[in-house]
Amino acid sequence: MFDLVIGGQSVATATRFPVLNPATGAPVAEAPNATAEDLDRAVEAAEAAFRDLSARPEEERRSLCEAMAAKLEAHAEELAQLLTREQGKPLNGLGSRWELGAAVAWAKHTCTLSLPVKTIQNDNRGTVELHRKPLGVVGSITPWNFPILIAVWHVVPAVLTGNTVVIKPSPYTPLTTLRFVELMNEVLPAGVLNSLSGDDRAVNLGALMSAHPGIRKIVFTGSSETGRKVAASASATMKRLTLEMGGNDAGIVLPDADPKAIAEGVFWGAFINNGQTCAAIKRLYVHEDVYDAVCEELVNYARGVSVGDGTEEGTALGPMQNRMQFDKVSRLVADAKSRGRVLIGGEPGEGLFFPPTIIADLEDGVALVDEEQFGPALPVIKYRDIDDAIARANDSPWGLGGSIWSKDIQKARGLALRLETGSAWVNKHVAIQPDAPFGGVKGSGLGTEFGEEGLQEYTDIQVLSY
Ligand code: NAD
């Protein structure tokens with residue numbers, strides 16, 4: 001039974017909604033449908049807990065965060081099994097066990113961070129200090145692609161800096177987060193972490209949270225369209241915002257790249273989590289000298305990737321997560337097929353299974369190239385001139401990540417710096433790590449997560465002068 005946790009107590013709701021296993025279509029369990037009153041109660045509980053938590057020394061809050069990391073680690077396998085059943089991703093490979101392992105690593109690293117008081121001036125004219133103060137109640141809104149990892153990204157830095165949290169997962173994948181909050185409440189004081197879930201039909205909890213006067217910050221990970229709505233409604237109460245939104249990352253293969261050597265990295269850079277990844281390669285620009293060879297090696301690699309039910313140990317890619325996304329990818333692929341050459345895949349499978357699809361000979365202007373497909377379909381575009389390829393990569397409303405693939409690291413480094421993106425990689429993609437800030441430029445978001453820069457986003461500055 002999955003319930004809300006508000007003020008440390010399990011709260012049952014009047015109505016529930018089914019959560020479906022994307023591999024089979026069968027219900028996994030029912031999730032609670034929270035009301036606007038539940039949100040008010042959760043915010044009140046979090047406000048009460050904030051008074052206590054924010055007054056505690058940083059070292060005490062660090063101990064709480066360490067206890068969260070340990071609890072998460074102890075329950076990693078249970079949560080991974082649940083995640084596969086509701087999200088569809090495989091247990092192995094870059095799937096649920098990987099996601100839980102990453103969540104533990106991120107939680108542990110965040111525990112090592114600190115925001116000490118900074119002395120700006122200390123002389124015979126006086127002392128000026130910069131203090132970092134917690135904000136209050138943080139509203140966390142998460143998507144369905146990496147539900148538990150993203151929950152940890154939001155919750156641990158918030159608590160370490162002295163904030164309390166109301167978290168609301170996506171209606172497609174609420175169960176792992178509800179269980180996570182239940183587990184964390186075994187080690188946290190009541191009200192520090194509260195959960196809400198809902199089907200977004202009668203009540204849109206995310207919209208209510210964005211406008212709620214008791215919430216001082218929203219940390220949101222999701223689509224650009226929803227992120228813009230969050231920003232608009234948060235403005236009335238001047239909430240602090242971290243928005244991690246969509247992307248349309250380009251990978252650019254230079255003429256000196258070794259097609260065989262890069263195939264695996266490019267493939268997983270694009271198809272990690274079935275392409276349902278914010279910073280995955282969503283369009284691949286390949287120099288004409290290596291174009292045919294890169295296409296061939298990518299297809300060779302893709303042929304060896306097993307697609308199936310994520311609960312089977314040998315599966316490398318599961319089904320797509322939901323019908324809405326499946327239909328979108330089907331539409332984009334049907335359109336791209338008539339404009340390019342299908343190298344592999346190209347036809348939707350049974351249920352929510354969609355085989356890894358690579359379509360070559362496409363150009364900018366085709367929807368699969370210009371839009372965020374967020375699924376297992378990679379467009380390949382041939383280029384001749386590197387300046388033109390960089391210009392095309394940058395000609396996008398988004399700016400999350402980008403990558404250059406080459407044997408010449410220094411040359412690739414210089415080109416990567418010309419990408420208008422929050423992250424730029426050489427010979428890898430979506431290589432995020434807990435000590436390196438991550439965030440988007442342009443339409444991909446606002447603010448950063450991870451590391452000290454990410455931690456600062458859960459605080460306001462107070463300058464003290466005496
Ligand atoms: P989504 O925007 O549909 O939903 C995200 C969350 O917002 C869900 O919890 C949803 O219930 C909630 N929501 C719905 N309406 C809302 C409203 N009006 N106000 C506030 N919240 C509302 O996104 P999704 O489909 O779950 O996730 C996919 C998207 O997320 C992709 O675009 C992807 O690129 C992006 N994403 C970005 C990052 C990143 O770090 N930049 C990471 C993962 C996913």
Side-chain angles (χ1 to χ4, degrees), residues 17 19 31 33-34 39 86-87 89 99 102 106 139-154 166-174 176-178 195-212 215 218-235 239 241-249 272-282 320-329 371-375 396-401 421-423 430 432 437-450 454 457:
F17 64 98
V19 178
N33 235 338
L39 168 60
E86 73 167 343
Q87 207 283 340
K89 62 180 67 190
E99 182 169 341
W106 251 270
S140 152
I141 303 174
T142 57
W144 46 260
N145 58 346
F146 289 91
I148 191 77
L149 182 55
I150 292 173
V152 165
W153 289 350
H154 292 184
V166 176
I167 187 169
K168 190 211 80 66
S170 162
Y172 291 114
T173 54
T176 317
T177 305
L178 291 167
S195 57
L196 297 174
S197 71
D199 61 9
D200 279 0
R201 294 209 168 114
V203 178
N204 187 318
L205 293 163
L208 292 178
M209 287 166 71
S210 310
H212 200 291
I215 294 182
I218 294 283
V219 50
F220 166 88
T221 306
S223 65
S224 298
E225 196 188 344
T226 313
R228 283 192 292 269
K229 288 186 197 159
V230 170
S233 63
S235 68
K239 284 183 180 52
L241 288 173
T242 302
L243 303 173
E244 295 287 4
M245 290 144 68
N248 193 18
D249 290 12
I272 172 174
N273 204 29
N274 253 332
Q276 304 167 128
T277 304
C278 53
I281 300 177
K282 291 177 180 152
M320 291 190 65
Q321 208 286 321
N322 58 69
R323 177 62 55 188
M324 177 267 303
Q325 201 60 39
F326 183 90
D327 289 346
K328 180 176 181 190
V329 172
E371 292 179 23
E372 185 186 36
Q373 67 275 52
F374 215 62
S396 164
W398 290 289
L400 197 53
T421 56
S423 297
V430 68
I432 54 171
F438 174 73
V441 302
K442 301 199 281 188
S444 287
L446 201 63
T448 50
E449 297 188 270
F450 318 158
E457 300 230 349

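Indexing begins at 1, ligand by ligand and atom by atom, following the structure's order.
Of the polar atoms of N145, none of the N or O atoms is found under 3.5 Å from an N or O of ligand 1, judged by distance alone. Polar contact check, W153 against ligand 1: no nitrogen or oxygen pair lies under 3.5 Å apart. Between N204 and ligand 1, a contact under 3.5 Å exists for at least one N or O pair. Checked by distance only, ligand 1 and S224 stay at 3.5 Å or farther apart across all their nitrogen or oxygen atoms. Inclusion of K229 in the set of residues having an N or O under 3.5 Å from an N or O of ligand 1 is not warranted. Backbone and side-chain nitrogen or oxygen atoms of V230 are examined, and none is located within less than 3.5 angstrom of a nitrogen or oxygen of ligand 1.
For the pair M245 and C278, the tightest heavy-atom approach, listed with the atom from each and the gap, is O-CB, 4.2 Å. Between T142 and S140, the closest heavy-atom pair is CG2-OG, 3.7 Å. P174 and P171 get closest at one heavy-atom pair: CD-O, 3.4 Å. Nearest heavy-atom pair across I215 and G139 is CG2-N, 3.6 Å. Looking at every heavy atom in both residues, K282 comes nearest to N248 through CB-OD1, 3.2 Å.
Looking from atom 38 (C) of ligand 1 to the surrounding protein, the closest heavy atom is C278 CB, 2.9 Å. Looking at atom 41 (N) of ligand 1, its nearest protein heavy atom turns out to be M245 O, 2.7 Å. Among all protein heavy atoms, the one lying closest to atom 24 (P) of ligand 1 is W144 NE1, 3.3 Å. At the shortest separation from atom 40 (O) of ligand 1 among protein heavy atoms lies E244 CB, 3.2 Å. The shortest contact between atom 10 (C) of ligand 1 and any protein heavy atom is with D200 OD2, 3.6 Å. Closest protein heavy atom to atom 12 (C) of ligand 1: I141 CG2, 3.7 Å. T142 O, 2.7 Å is the protein heavy atom nearest to atom 9 (O) of ligand 1. If you check which protein heavy atom lies closest to atom 33 (C) of ligand 1, you get F374 CE1, 3.1 Å.
Here is the list of ligand 1 atoms found below 4.0 Å of a heavy atom in F220: 2 (O), 5 (C), 6 (C), 7 (O). Of all atoms in ligand 1, numbered sequentially from 1 with element shown, those under 4.0 Å from a heavy atom of T221 are 5 (C), 37 (C), 38 (C), 39 (C), 40 (O), 42 (C), 43 (C), 44 (C). Listed by number with element, the atoms of ligand 1 under 4.0 Å from a non-hydrogen atom of L400 are 41 (N). Shown in contact with G246 at under 4.0 Å from a heavy atom are these atoms of ligand 1, numbered in order with element: 32 (O), 34 (O).
A donor-acceptor pair is defined here as one N or O able to donate and one able to accept, closer than 3.5 Å; no such pair exists between the side chain of K168 and the backbone of L205.
Distances shorter than 4.0 angstrom do not occur between any heavy atom of F146 and any atom of ligand 1. At least one heavy atom of P171 sits closer than 4.0 Å to an atom of ligand 1. Under the 4.0 angstrom criterion for non-hydrogen atoms, L205 is not in contact with ligand 1. Heavy atoms of F438 approach ligand 1 to within less than 4.0 angstrom. Within the 4.0 Å heavy-atom cutoff, P169 counts among the residues contacting ligand 1. In this structure, S170 has a heavy atom closer than 4.0 Å to ligand 1.
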Original post:
Between T242 and H154, is a side chain to side chain donor-acceptor pair (under 3.5 Å) present by the stated rule, with each step listed?
Top reply: CA-CA 10 Å; T242 302; H154 292 184; over 6 Å; no
**OP:** For side chain to side chain contact (heavy atoms under 4.5 Å, CB included), just list the numbers for L208 and L39, CA-CA rounded to whole Å, side-chain angles, deciding distance to a tenth of an Å, and then say yes or no.
**Re:** CA-CA 8 Å; L208 292 178; L39 168 60; 3.5 Å; yes
Original post:
Given the rule in the side chain to side chain contact (heavy atoms under 4.5 Å, CB included) test, do N33 and S197 qualify, once you have shown the distances and angles that lead to the verdict?
Top reply: CA-CA 6 Å; N33 235 338; S197 71; over 6 Å; no
**OP:** Could you check E86 against T176 for side chain to side chain donor-acceptor pair (under 3.5 Å), going step by step and ending with a plain yes or no?
**Re:** CA-CA 8 Å; E86 73 167 343; T176 317; 2.5 Å; yes
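Note: R228 CZ to L243 CG = 11.0 Å, rounded to the nearest 0.5 Å. Separation of atoms CD1 (I141) and CD1 (I150) is listed at 13.0 Å; rounding is to 0.5 Å. Between the NZ atom of K328 and the CZ atom of F374 there is a distance of 9.0 Å, given to the nearest 0.5 Å.
Heavy-atom proximity to atom 13 (N) of ligand 1, evaluated over T173, T226, L149, T177, is greatest for T226. Distances from atom 2 (O) of ligand 1 to the heavy atoms of G222, G206, S223, A211 show the closest one on S223.
Taking the ring axis of F146 as reference, the NZ or CZ atom of K89 stays within 45° of it and closer than 6.0 Å to the ring centre.
Ring geometry for W153 against F438 counts as tilted: the plane angle lies between 30° and 60°, on a 0 to 90° scale.
With contacts defined as side-chain heavy-atom distances shorter than 4.5 Å, the pair N273/Q321 does not qualify.
Residue-level proximity to ligand 1 for E372 is carried by the side chain, the only part with a heavy atom below 4.0 angstrom.
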